[in-house]
Every structure is written in structure tokens, then in C-alpha cells.
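What follows is a single structure, written as C-alpha cells, with notes after it.
Since the structure is predicted, the reported quantities are computational estimates derived from the model, not experimental observations. Order of the sequence lines sets the chain letters (A, B, ...), proteins ahead of strands, with each chain counted from 1.
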Amino acid sequence: MLKLGVPSKGRLMEKTFDWFGARGVTLRKSGSDREYAGAVDGIDGVELVLLSAGEIPRELAAGNIHLGVTGSDLVREKLANWDSRVAELALMGFGGADLIIAVPQGWVDVDTLDDLDAAAAAFRAKHGFRLRIATKYHRLVREFLRDQGVADYQLVDSQGATEGTVKNETAEAIADITSTGETLRANGLKILDDGLIHASQATLFRGRRRDWTDAQRQKLKALQLVLGI
Amino acid sequence: MPGSAETLTEARRLRDHFAAQGAQVVKADVLQPADTLLDLYGEDIRARAYLTSDPLRGEMVLRPDFTVPVVQMHMESHADPARYTYAGKVFRKQESDETRANEYVQVGYEVFDGQNPANADAEVFALIAAGLNGLPVRAATGDIGILMAAVRGLRTTDARKAALLRHIWRPARFKALLKRYGSGAARTELLAADDPFANAGPEIGLRSRAEVAARIEALRADAAAAPLAGEEAALIDAILGLRETAPNVLSALGDIAVDMPAIGAAVSRLEARLEALAARGVDVSSLDFEGSYGRTSLEYYDGFVFGFYAVDRLDFPPVATGGRYDALTARLGAGRAVPAVGGVIRPDLVLGLSC
């Protein structure tokens with residue numbers, strides 16, 4: 001049996017169902033609408049597991065599910081050495097969102113990471129603490145800023161309404177997911193020219209654990225044939 | 001194994017080796033307050049150290065090294081000169097390589113002695129080399145102080161020098177800055193605007209409009225400054241590209257000092273160090289020196305830097321590392337600075353090479 005993890009609600013679930021449906025594999029919730037049980041038609045031996053998109057990376061890495069649909073940003077954020085623990089089978093073409101760094105529009109002197117770094121140095125000298133960047137993507141943002149050589153900043157955790165942290169003066173800049181940039185603009189923020197950390201989209205992943213049975217490996221091949229990926 | 005009985009026995013042997021030179025044996029708590037390290041290293045420490053929180057004491061860190069607590073202890077004791085040794089576990093997160101230990105024993109030797117820095121550098125290096133005696137290791141050395149002196153000696157503005165010095169330990173940004181200072185003409189649109197804040201929107205957040213205006217003035221001053229001459233940037237590149245035996249490097253630096261007299265004192269320090277090393281029996285004629293060595297470590301070494309690497313085990317982390325960290329004592333000493341140099345050995349790796 002091959003376990004396929006799919007986000008349990010919302011547009012991500014519906015789009016995933018559509019994506020599989022268009023390729024001849026019907027995924028559906030079984031039982032009532034509130035129940036997180038699912039069924040698969042069109043191929044035998046594949047079991048649908050509905051769970052939170054944020055838990056899918058961990059469950060894939062642990063081997064509790066074999067395949068999973070989730071945002072490529074979540075896999076990179078939640079799994080160290082993600083590409084040794086899961087592999088991309090298909091980019092699904094929806095759920096697109098960019099993880100970006102944004103600063104207040106009033107910072108007319110800051111358009112690039114180079115500017116951000118210089119502003120951070122001056123900010124720290126003046127205020128006595130490091131310039132705060134609010135995010136929930138700690139690993140991705142830290143690795144990005146380290147590679148880019150930005151200093152004198154600190155990350156502060158923000159699990160929601162991140163765009164509001166600057167106005168509330170709990171952060172000076174943010175790193176967050178955006179699809180249209182509308183919420184950012186409405187909150188007086190702008191994206192840095194070179195501030196794209198990761199362009200995310202819904203992706204079908206497989207776990208890379210070595211303990212798969214031959215039957216599971218054959219089942220994956222059969223599923224890939226049906227899906228045409 | 002990083003914490004096996006054999007490792008602890010080896011750790012004690014090395015600590016005794018250091019103590020026999022007159023070093024005082026010291027200890028440090030496993031749980032350290034996190035604020036000092038966070039202030040020194042920022043987010044990098046979160047990637048490398050285990051942080052945890054205590055309901056009363058706030059954020060704590062499992063000690064990632066002994067240097068910071070030993071410096072703090074020394075700065076409070078006001079002893080001078082002083083030599084310390086210690087042996088104990090340190091804890092490091094391994095974000096990318098699962099095969100590397102996340103807790104292992106370090107045995108260290110730290111010298112706080114401003115009388116003769118060249119001699120103190122040589123003392124630490126030679127003692128660590130003696131501790132590794134007979135093992136198949138090669139030494140790599142460098143000197144961050146020469147690079148810093150070269151940056152200070154550039155014929156350009158103080159603001160540019162400060163920015164370059166701030167990024168000595170971030171090679172990519174350092175290189176980008178050098179390139180930008182050499183090319184001139186940046187941010188022309190912003191600087192030409194009658195009112196740069198015309199489309200700025202509302203002022204939000206803690207960074208005030210006055211701070212933005214101050215940065216624009218800094219950009220304006222930078223745009224007015226002459227571009228950094230290509231020959232000057234080339235001298236920095238030449239220093240960074242040095243990779244030869246120490247005597248050859250010394251000769252090459254002598255040539256560079258003709259065009260850049262500001263590195264003269266730092267080069268003299270290197271020469272004095274090599275003499276002190278030779279006096280302690282180190283074969284300096286074959287000692288490797290790399291101009292950019294030590295630039296990717298956590299930013300506290302600011303002079304002599306060294307590491308010992310297993311010749312046949314390229315998969316091993318360095319068996320021993322060390323260097324001079326005068327600036328760290330100034331940061332932690334509340335205005336008081338003490339010249340300091342030290343190094344650590346990993347006894348588990350020593351054993352891995354001996355068997």
C-alpha cells in the first residue's frame with residue numbers, strides 16, 4: 001500500500017483533487033465533509049491520507065506517508081537537507097507564492113539587500129539592537145541572508161498577520177509569502193528588488209527512505225504511468 | 001566516539017599537557033546566558049547552537065565553545081598575564097551534515113598576555129602542535145590582521161573602510177562592496193530627486209524618516225567620493241589570493257607593502273611570529289599560509305589564525321583550531337581590552353587518527 005498525503009482542506013485540497021482528477025485518478029473525501037478520511041479511484045493500492053499541509057514534510061521524512069502534496073517552501077523550511085530526504089516528482093502549477101523580503105515603502109533608500117545590510121548597520125548603531133525581520137520561515141530566511149552576506153539583523157517569530165508587525169513596531173522588516181503583493185502594499189510595504197528567497201508552488205513529493213518494499217516501488221511506477229509524470 | 005571513556009582519558013592527557021605549561025584549569029557552565037552570544041553573532045548562533053529558554057533566566061544556550069565564558073571570567077578576574085586550560089563538551093547543531101557530531105569534547109589553551117603577542121601566538125601554536133605530536137596532520141595558518149590593515153590602508157573614505165571591515169568575515173558581500181566602490185555612479189535616480197520622499201507613503205515602523213534621510217546623505221557622500229582605484233582593489237585580491245609557505249608569503253607581502261605601506265606593521269608582526277615559531281622548533285619553511293584563511297569562521301579572530309587537518313581523513317573536521325581574538329576581549333570587557341590568543345583540540349579526532 002502506498003500512502004498519499006494531501007492537504008486536508010481549502011483551495012490546496014480542491015486544486016490537488018482537480019490535478020489528480022485531470023490525470024485519471026479520482027481523490028475524494030469519504031464519509032461526511034468534516035471527516036478526514038479519503039478514497040482513491042482509478043488505481044489500486046494507493047491510500048489517501050488527509051492532513052495539514054504543514055505536517056506533510058515531516059510525515060514524508062518519517063516515512064509515515066510515501067507521497068505527499070505540499071508547498072515547496074514548507075519542505076525547504078521544515079526539512080534540513082530536504083533533497084536528501086524527499087524528491088520532487090511533479091511541480092503541479094498551482095498554489096504559487098513567493099517568499100520575499102519586504103520593507104516599508106518609506107525606506108526610499110532601501111531597494112536591495114545591499115541597502116538592507118547598510119540600513120541594518122546604521123539601525124543597530126542607533127537603536128542598540130539588531131534590525132528585526134518578522135517571519136515564520138526561519139531556516140529559509142537565515143540561510144538566504146547568510147549566503148547574501150547580510151549582517152546586523154535578527155529574526156523575530158511571527159506565525160500570522162506578519163505584514164502588520166512593522167506598523168506595530170515589533171519588527172522593522174518582514175519575510176513572508178505573497179502571491180500578488182496586495183496585502184504588502186496595503187500595509188505600506190514594498191518588496192526588495194533582489195529579495196526573492198523562494199518561488200513556491202504545490203509540488204508532489206516522494207519520501208526517499210530506503211525501507212520501501214518492492215511492491216511499493218512498483219506501485220509508484222504504475223501511478224507515475226497513469227499520471228503521466 | 002565523541003564522549004567515550006577513551007576520549008575523556010585523552011582529554012585529560014591534553015589538559016595536563018597544557019596545565020604543565022602553567023595554565024590554570026578552569027570550568028564553565030554547560031548552560032550559558034544566550035544574550036551575549038546572540039549580540040555577538042546574531043542569527044548565525046541560532047543555526048549553530050542549541051538555544052533553550054529558562055522561565056526565570058530567559059534564553060539560555062548549551063555552550064557552543066569555551067572561549068566566550070573564559071574571556072568573561074578573565075575580564076572579571078583582572079589577572080594579567082594569565083593562562084587557562086579546560087576540557088569539556090561543547091554542543092553544535094549540524095544543519096547539513098548528519099555525520100558530524102553535535103556534541104564533542106574540546107580541550108583548550110588560552111593566553112591573556114599583551115607583553116609579546118608574537119611570542120604568545122607561537123606559544124599556543126607550538127603547544128597544540130606538541131599535543132598532536134606524531135599524528136598525520138598538516139597545519140594551515142593565516143592572519144586576519146593583515147587583511148584588516150590592508151583595508152584600513154585603502155585610499156578611500158572611512159565609511160567605505162568601515163563597511164569593508166564589517167564584512168571581513170562575509171567574503172561574498174566583501175567582494176561585492178569592493179566591486180561597487182570601484183565602479184562609482186550608484187543610486188543616481190534617488191540622489192537626483194528633488195524630493196526623495198515624494199512617493200514614500202506613510203511613515204511606519206521604528207526606523208524614522210530622519211534615519212532614512214541620514215542614509216541618503218551617506219549615499220550622496222559615497223557618490224561624491226572618487227571610485228576606489230583598481231590597483232588598490234587588486235592589492236586586496238593579491239593578499240586574499242596568497243597561498244604559499246610562510247617565508248614565501250612574507251616575501252610577497254613585503255612586495256605588496258611597497259604599494260601599500262599601511263600593512264607594514266602587520267607584516268612585521270607576521271615576521272616576528274614566524275621567528276618566535278622557529279625559536280620554538282616549528283618548521284616554518286614548510287608552514288602553509290593562506291591569505292583568506294579564517295574568514296568563514298564565526299567572527300572573532302582578528303589576527304593570527306590556524307588549524308590542523310588530518311592528512312588522510314579529508315572527511316574529518318579540523319582536529320585543532322585557534323587564533324588571536326583581541327577585539328572579542330574589548331567587546332566583552334566593557335571598555336577594557338586584553339590581547340588574547342587561544343586554541344582547542346578535539347581529543348576524539350586525535351584518537352581517530354592514532355588508531
Side-chain angles (χ1 to χ4, degrees), chain A residues 80-82 84-85 103-115 117-134 138-139 141-143 145-156 163-174 185 187-190, chain B residues 35 38-48 93-98 159 162-163 166-177 179-180 186-187 189-191 193 195-220 222 296 299:
Chain A
N81 285 346
W82 69 273
S84 72
R85 302 167 79 180
V103 301
Q105 290 159 11
W107 293 14
V108 295
D109 60 318
V110 178
D111 289 336
T112 65
L113 292 166
D114 189 54
D115 293 324
D117 174 65
F123 182 90
R124 188 180 179 194
K126 178 168 172 63
H127 294 270
F129 58 90
R130 291 165 182 266
L131 186 139
R132 299 165 298 177
I133 301 176
H138 295 252
R139 180 204 304 277
V141 177
R142 187 169 60 227
E143 285 181 354
L145 293 176
R146 184 166 57 208
D147 290 346
Q148 300 289 330
V150 174
D152 291 320
Y153 73 94
Q154 60 181 311
L155 299 182
V156 292
E163 297 90 344
T165 54
V166 176
K167 197 173 274 179
N168 295 332
E169 300 194 354
T170 54
E172 282 66 59
I174 70 160
R185 278 188 290 279
N187 282 282
L189 301 171
K190 64 173 180 180
Chain B
D35 49 359
L38 281 170
D39 190 51
L40 281 172
Y41 306 124
E43 285 304 313
D44 286 343
I45 204 72
R46 289 189 194 275
R48 300 197 195 197
K93 278 186 195 169
Q94 299 296 343
E95 275 207 316
S96 55
D97 188 349
E98 289 169 43
R166 189 171 150 255
H167 285 304
I168 289 271
W169 296 273
R170 294 174 202 89
R173 175 71 39 191
F174 183 88
K175 200 173 168 192
L177 283 174
K179 195 171 164 213
R180 176 149 64 77
R187 309 305 296 272
E189 198 179 329
L190 176 72
L191 297 178
D195 176 11
F197 294 102
N199 300 311
E203 188 180 341
I204 58 167
L206 213 54
R207 185 169 181 256
S208 69
R209 189 140 294 182
E211 289 172 76
V212 175
R215 168 110 200 291
I216 293 174
E217 285 318 303
L219 286 169
R220 199 181 303 285
D222 191 65
T296 50
E299 50 184 289

*Measuring from A:Asp117:CG to B:Leu177:CG, what's the distance to the nearest 0.5 Å?*
7.0 Å
_Salt bridge check, A:Arg142 against B:Asp44: does any charged N sit closer than 4.0 Å to a carboxylate O?_
no
*If you look at every heavy atom in B:Ala200 and A:Val108, which pair is closest and at what distance?*
CB-CG1, 3.8 Å
*Which residue pairs pass the salt bridge (Lys or Arg N to Asp or Glu O under 4.0 Å) test when at least one of the two sits in residues 119-131 of chain A, sequence neighbours left out?*
A:Arg124-A:Asp152, A:Arg124-B:Asp39
*chain A heavy atoms under 4.5 Å from B:Glu43: which part of the residue, side chain, backbone, both or neither?*
both
*Where does A:His138 contact chain B at under 4.5 Å (heavy atoms): side chain, backbone, both or neither?*
neither
*Counting only heavy atoms closer than 4.5 Å, note whether A:Asp147 contacts chain B via side chain, backbone, both or neither.*
backbone
*Side chain, backbone, both or neither: which part of A:Gln154 has a non-hydrogen atom closer than 4.5 Å to chain B?*
both
*Taking all non-hydrogen atoms of both residues, which atom of A:Val110 and which atom of B:Arg187 are closest, and how far apart?*
N-NH2, 4.3 Å
*Evaluate the criterion side-chain contact (heavy atoms from CB on, under 4.5 Å) for residue pair A:Leu155 and B:Arg46; output intermediate values, then yes/no.*
CA-CA 10 Å; A:Leu155 299 182; B:Arg46 289 189 194 275; 5.9 Å; no
*Using non-hydrogen atoms only, which part of A:Ala122 is less than 4.5 Å away from chain B: side chain, backbone, both, or neither?*
neither
*Please flag which part of A:Gln105 lies under 4.5 Å from any non-hydrogen atom of chain B: side chain, backbone, both or neither.*
both
_Please classify the contact between A:Gln148 and chain B as side chain, backbone, both or neither, with a heavy-atom cut-off of under 4.5 Å._
both
*What distance separates B:Ile216 CD1 from A:Trp107 CH2, expressed to the nearest 0.5 Å?*
13.0 Å
*Toward chain B, the part of A:Ala171 with a non-hydrogen atom under 4.5 Å*: neither
*Nearest heavy-atom pair of B:Leu206 and A:Arg132: which atoms, and what distance?*
CD2-NH2, 3.5 Å
*With the threshold set at 4.0 Å, does a side-chain nitrogen-carboxylate oxygen contact exist between A:Asp109 and B:Arg207?*
yes
*Check each atom of B:Ala47 against the heavy atoms of chain A and say whether the ones under 4.5 Å are side chain, backbone, both or neither.*
both
*asked:* Could you go through A:Asn187 and B:Ile204, starting from their C-alpha distance and side-chain angles, then the distance that decides it, and tell me whether this counts as side-chain contact (heavy atoms from CB on, under 4.5 Å)?
replied: CA-CA 9 Å; A:Asn187 282 282; B:Ile204 58 167; 6.0 Å; no
*Measuring heavy-atom distances to chain A, does B:Leu190 have an atom under 4.5 Å in its side chain, in its backbone, in both, or in neither?*
side chain
*Heavy-atom closest pair, residues B:Arg215 and A:Ala118*: NE-CB, 3.6 Å
*Would you mind checking which part of A:Leu145 comes under 4.5 Å of any heavy atom in chain B, side chain (CB onward), backbone (N, CA, C, O), both or neither?*
neither
_So for A:Tyr153, is it side chain, backbone, both, or neither that comes closer than 4.5 Å to the heavy atoms of chain B?_
both
